[in-house]
Amino acid sequence: MCVDKLNAQTPCDGLLPLTIGTVSVTEVDPGAIHAVSAFQGQAKSLSEAMKAAHGMALPAPNRATGKSGARAVWFGPGQTMLIGPAPDPSLSAYAAVVDQSDAWAVVRLEGDGAEDVLARLVPVDLRPQNFKRGYTARTLLFHMTASITRVGEKAFQIMVFRSMATSLVNDLQRAMEGVAARG
Amino acid sequence: MRITCPYCGERDRREFYYRGAAVDLDRPAPDAGPEAWDDFVYLRDNPAGETRDLWYHEGGCGAWIVVTRNTLTHEISATEPASGGKR
Ligand SMILES: [Zn+2]
């Protein structure tokens, strides 16, 4: 008998949500994810096309533009991740657009003390005075490469490779327990 | 030890992978001859003083970086993208 019905599973299926103390982690359904890399000398035209099609400019290094449901996150030199909408065909005139949907685990860490949790895992100062809303960092979360973006006053979006979802939740949970234990 | 990534700013050393002397950027022409290639592949200076290394911001933005540092004082005097111009 053939399998006639396949159920899609999210990367953190069965792992989240999780709340410990004042901090919670939930899985984000990011929609489509595309790497957008401007061709040589085309960054400005790409930014204009992004504004026209998706209502957000190309982010500067270490910044993100857009909002929940449609974000553009700086991911490295010459690389932006368009998260949410399917990329408008007009972008392809100025950039290489590569579908990475389903390749990333995306979670939201939120609550009083979210920075304290991340301080145990991330070697970058993510306190609000140094890392404001709309700031993003490519850095390490414990042993994983990650993309961390402040999306709210007490909220971060964290992205790691999908294959790292279990490690991500495990590491976050351990750090959350440590912070909660200090009261 | 902290290294300033030209893109990300000052970061902890654990985010970086060390490649070696920045000679990779001065690759001889294919027909440069065995001496030039022997020099390129095998012969390295071991300066007491300023040296140029290639580092990879592996746990970060993925940029290759040329780091100029002093082997006597450990001072890092410059970091720049190995690709030349910033993107
Ligand atoms: Zn970097």
Side-chain angles (χ1 to χ4, degrees), chain A residues 35-47 58-64 73-81 94-96 98 100 118-127 130-132 135-149 158-161 164 167-168 171, chain B residues 1-30 40 44 50-87:
Chain A
V36 179
S37 306
F39 299 134
Q40 198 93 49
Q42 299 291 321
K44 212 172 162 196
S45 305
L46 173 63
S47 191
L58 207 60
N62 308 303
R63 297 289 184 275
V73 179
W74 183 83
F75 240 70
Q79 194 184 42
T80 294
M81 214 60 97
Y94 312 108
V98 181
Q100 295 195 9
L118 290 177
R120 293 180 173 232
L121 299 166
V122 179
V124 172
D125 185 355
L126 299 177
R127 291 174 301 166
N130 288 310
F131 197 76
K132 303 177 171 71
Y135 281 40
T136 192
R138 292 303 310 273
T139 180
L140 295 174
L141 191 145
F142 205 43
H143 293 167
M144 282 168 281
T145 55
S147 157
I148 300 175
T149 307
I158 303 169
M159 298 174 68
V160 300
F161 296 138
M164 295 289 160
S167 297
L168 171 67
D171 295 343
Chain B
M1 178 172 168
R2 312 271 291 172
I3 296 175
T4 300
C5 171
Y7 299 96
C8 303
E10 191 185 294
R11 292 294 182 92
D12 192 273
R13 182 257 176 273
R14 88 188 84 158
E15 293 190 359
F16 297 87
Y17 164 81
Y18 175 70
R19 158 80 190 179
V23 294
D24 295 18
L25 303 173
D26 303 312
R27 190 183 175 87
F40 173 69
R44 293 288 175 269
E50 192 174 279
T51 183
R52 294 173 82 232
D53 305 323
L54 268 184
W55 292 76
Y56 178 48
H57 198 186
E58 184 178 33
C61 69
W64 282 96
I65 301 162
V66 178
V67 175
T68 306
R69 69 186 174 92
N70 190 306
T71 58
L72 295 176
T73 63
H74 302 302
E75 186 199 357
I76 293 175
S77 52
T79 56
E80 55 200 312
S83 61
K86 269 201 189 188
R87 280 180 296 157

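The analysis underlying the following values was restricted to heavy atoms, covering all of them including side chains, and did not include hydrogens, waters or symmetry mates. Labels below follow one simple rule: chain letters A, B, ... track the order of the sequence lines, proteins then strands, and each chain is numbered from 1.
- The two residues Cys61(B) and Pro77(A) have their closest heavy-atom pair at O-CD, 3.3 Å.
- At a 4.5 Å heavy-atom cutoff, Ala146(A) makes no contact with chain B through either its backbone or its side chain.
- The environment of CZ in Arg27(B) is sparse: at most 12 heavy-atom neighbours from other residues, nucleotides or ligands sit within 6.0 Å.
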Test side-chain hydrogen bond (donor to acceptor under 3.5 Å, both in side chains) applied to Thr145(A) and Glu58(B), step by step: CA-CA 8 Å; Thr145(A) 55; Glu58(B) 184 178 33; over 6 Å; no
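- Side-chain contact check for Trp74(A) versus Cys8(B): some heavy-atom pair is nearer than 4.5 Å.
- Here the CZ-CG distance, from Arg11(B) to Leu140(A), works out to 9.0 Å after rounding to the nearest 0.5 Å.
- Around CZ of Arg19(B), the count of heavy atoms belonging to other residues, nucleotides or ligands within 6.0 Å does not exceed 12.
- Heavy atoms only, all atoms of each residue included: Arg2(B) and Pro123(A) are closest at NH1-O, 4.5 Å.
- Judged by distance alone, with hydrogens and angles left aside, the side-chain atoms of Asn62(A) form a donor-acceptor pair with the main-chain N or O of Tyr7(B) at under 3.5 Å.
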